[in-house]
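This is the structure I want to talk about, given as structure tokens.
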Amino acid sequence: MYRSKIAGIGHYVPERRVPNKELENLMDTSDEWIVERTGISERRFGKRYEENTTMLGAKAARKAIADAGIEASEIDFIIFATLSPDYFFPGCGVLLQRELGITSTEIGALDVRNQCSGFVYGLSVADQFIKTGHYKNILLVGSEMHSMGLDFSTRGRNVSVIFGDGAGAVVLQPAGDSEPSEILGTYLHADGTYAEELAFISPGAHGGVFGQDQDFGFDKEDNWKSIFVTEKMLEDGLLYPHMNGQLVFKTAVQKFPAVIMEALQKAGKSPEDLKILIPHQANLRISQFVQRRLGLKDEQVYSNIQKYGNTTAASIPIALSEAYSEGRIQRGDLVCLAAFGSGFTWGSALFNW
Ligand code: ACO
């Protein structure tokens, strides 16, 4: 059995800054409301017709590959986590392979659809493949181009003010015998009871049949059309994410501390041993609650949601990459990643950087 490590990291955020004030022109919201409820001051939006999720991911991936000191052609497995894929199918994994000019077919490409926990789920998959010796250079990318699919009218304000675009990537490799870097454990959880509480339902092949007794305003007489975009979907605003914000918030503040403690306890560690916690950047208030609950110092919790918003699958690798480039983590430091989101799914990863 090998030990696995993060050998390279990089991130990319689009140039265009979108401050809260700009959203005030599109919907009934205010800078004060957004800052007070979420901590977000601005986010980045990619360029329409010029950038997409795969392209943002490729920019982050090239940096991670260079940081690992390898060539793209040496990547033997791609894991791509996103909720805003370029296409319904195929997934972004193969599109990234093409974008990076990897022509070898001796490579696997996997898409992870676990939204905010996508990066932690992807890291867990990569860790297993490295440990068994199946792959040697795994590229794991979290990338989102949310701005293409948000309702920027007042109807969608509880969701659209939160999200931003960006990408982060890591390369995972086997750790050498004398290296301090090592993934200590990954812990994954899911509870499908709440699948529709944070979801993008239509279009989809659900045929108007939902897992819960919920009314999404879908016309069941037209159910065969669920896979297509209908006038009714447009009118009812169904072509956008739907979120029960309060339920998500209440559940998140329970699951984050629990899954972080699970990772620490399994490794025989406690919160004071952590150099840094990189929580999924969902809401600054959630991260502050988690910090208080675990008794962590300010310097032990990384937050950049203020400038990027919630970038879903990209938020953890962007934050980890920034923390690294700012010198907040050194080789051997104990780092914990934790995520919670749609599904509900949640998870954590503990490693020595
Ligand atoms: N601007 C102004 N007012 C707003 C906005 C807005 N952008 N959005 C909602 N409001 C209004 C509501 O209409 C409501 O008005 P009312 O009292 O007149 O009915 C009021 O503000 C309060 O609305 P709530 O939804 O109760 O506000 P809350 O304090 O819960 O904050 C928020 C909303 C920020 C979305 C919060 O619930 C939250 O952060 N939830 C968790 C989000 C999250 O973590 N998501 C997980 C990751 S996403 C993923 O996995 C894809």
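Along the sequence shown, residues are numbered consecutively beginning with 1. All values reported here derive from a predicted model rather than from experimental measurement. For ligands, and for the atoms within them, numbers begin at 1 and follow the listed sequence.
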Close-contact set for ligand 1 against G341 heavy atoms, below 4.0 Å: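 Contacts of ligand 1 toward G341, numbered from 1: 50 (O).
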Set of residues satisfying salt bridge (charged side-chain N to carboxylate O under 4.0 Å, His left out) with respect to K255, sequence neighbours excluded: none
Location of contacts on M27 toward ligand 1, heavy atoms closer than 4.0 Å: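 The answer is neither.
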Part of I162 within contact of ligand 1 (heavy atoms, under 4.0 Å): side chain
Residue part near ligand 1, for V161, under 4.0 Å between non-hydrogen atoms: side chain
Ligand-residue contact atoms, ligand 1 with L83, heavy atoms, under 4.0 Å: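 Answer, ordered by atom number: 51 (C).
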Protein residue, atom and distance nearest to atom 46 (C) of ligand 1, heavy-atom basis: V248 CG1, 3.5 Å
Distance-only polar pair, side chains of T312 and H146, donor-acceptor under 3.5 Å: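 Looking only at side-chain atoms, H146 and T312 do form a donor-acceptor pair, the distance falling under 3.5 Å.
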Any N or O of G245 closer than 3.5 Å to N or O of ligand 1: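 Yes, G245 has an N/O under 3.5 Å of an N/O on ligand 1.
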Contact partition for F344 relative to ligand 1, non-hydrogen atoms under 4.0 Å: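 Neither part.
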Pair Y240 + F200: ring centers closer than 6.0 Å: no
For N158, the ligand 1 atoms whose distance to one of its heavy atoms is below 4.0 Å: 8 (N), 9 (C), 35 (C)
Heavy atoms from other residues, nucleotides or ligands near CZ of R113 exceed 12 (cutoff 6.0 Å):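 12 or below, so no.
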For N283, the ligand 1 atoms whose distance to one of its heavy atoms is below 4.0 Å: 34 (C), 38 (C), 39 (O)
Options E32, Q246, R285, ranked by nearest heavy atom to atom 24 (P) of ligand 1, top entry: Q246
Validation row, ring centre Y135 to ring centre Y2 under 6.0 Å: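 Distance test on ring centres: not under 6.0 Å, no.
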Could you pull out every donor-acceptor pair under 3.5 Å between side chains of residues 90-98 and any protein atom, sequence neighbours left out?
from : atom 1 : to   : atom 2 : distance (Å)
Q97  : NE2    : I102 : O      : 3.2
Q97  : NE2    : S104 : O      : 3.1

Residue portion contacting ligand 1 (non-hydrogen atoms closer than 4.0 Å) for T29: both
SB check K5 E182 (cutoff 4.0 Å):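 E182 and K5: not salt-bridged.
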Ring geometry between F129 and F77 (parallel below 30°, tilted from 30 to 60°, perpendicular above 60°):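 F77 and F129: perpendicular rings.
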Which of the ligand 1 atoms, numbered from 1, are nearer than 4.0 Å to a heavy atom of F163: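 This gives 48 (S) as the contact atoms.
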N310 and ligand 1 - part of the residue with a heavy-atom distance under 4.0 Å: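 The side chain, only.
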Neighbour count above 12 (heavy atom, 6.0 Å) for K307 NZ: yes
Any side-chain donor near an acceptor of the partner, N137 and Q173, under 3.5 Å: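 Result is yes, a qualifying pair exists.
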Sole candidate of N352, L320, L350, L274 that passes side chain to side chain contact (heavy atoms under 4.5 Å, CB included) when paired with V335: L320
Nearest-neighbour protein heavy atom for atom 44 (O) of ligand 1, which is reported as residue plus atom name and distance: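 The protein heavy atom lying closest is A282 CB, 3.3 Å.
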Protein heavy atom at shortest distance from atom 27 (O) of ligand 1: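 In this structure, atom 27 (O) of ligand 1 has R37 NH1, 3.3 Å as its nearest protein heavy atom.
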Plane angle bin for H189 and W346 - parallel if under 30°, tilted between 30 and 60°, otherwise perpendicular: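 W346 and H189: parallel rings.
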N-O pairing of K136 and E74 below 4.0 Å: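 Not counted as a salt bridge, because no side-chain N and carboxylate O are separated by less than 4.0 Å.
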Distance-only polar pair, side chains of E322 and N304, donor-acceptor under 3.5 Å: yes
Contact (N/O only, under 3.5 Å) between Q115 and ligand 1: no
Distance from atom 42 (C) of ligand 1 to nearest protein heavy atom, with residue and atom: M243 SD, 3.7 Å
Sub-4.0 Å protein heavy atom near atom 19 (O) of ligand 1: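 It does not: no protein heavy atom is found less than 4.0 Å away from atom 19 (O) of ligand 1.
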Sub-4.0 Å heavy-atom approach of A252 to ligand 1: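 It does not; every heavy atom stays at 4.0 Å or beyond.
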Heteroatom distance test (T312, ligand 1): nitrogen or oxygen, under 3.5 angstrom: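 No, there is no polar N/O contact under 3.5 Å.
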Distance from atom 50 (O) of ligand 1 to nearest protein heavy atom, with residue and atom: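 Here the closest protein heavy atom is C116 SG, 2.5 Å.
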Protein residue, atom and distance nearest to atom 33 (C) of ligand 1, heavy-atom basis: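 Result for atom 33 (C) of ligand 1: W33 CH2, 3.8 Å.
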Neighbour count >12 (heavy atoms, 6.0 Å) for atom CD, E326: yes
For atom 13 (O) of ligand 1, the protein heavy atom that lies nearest, with its residue and separation: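 That would be R157 NH2, 3.0 Å.
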Distance from atom 34 (C) of ligand 1 to nearest protein heavy atom, with residue and atom: T38 CG2, 3.6 Å
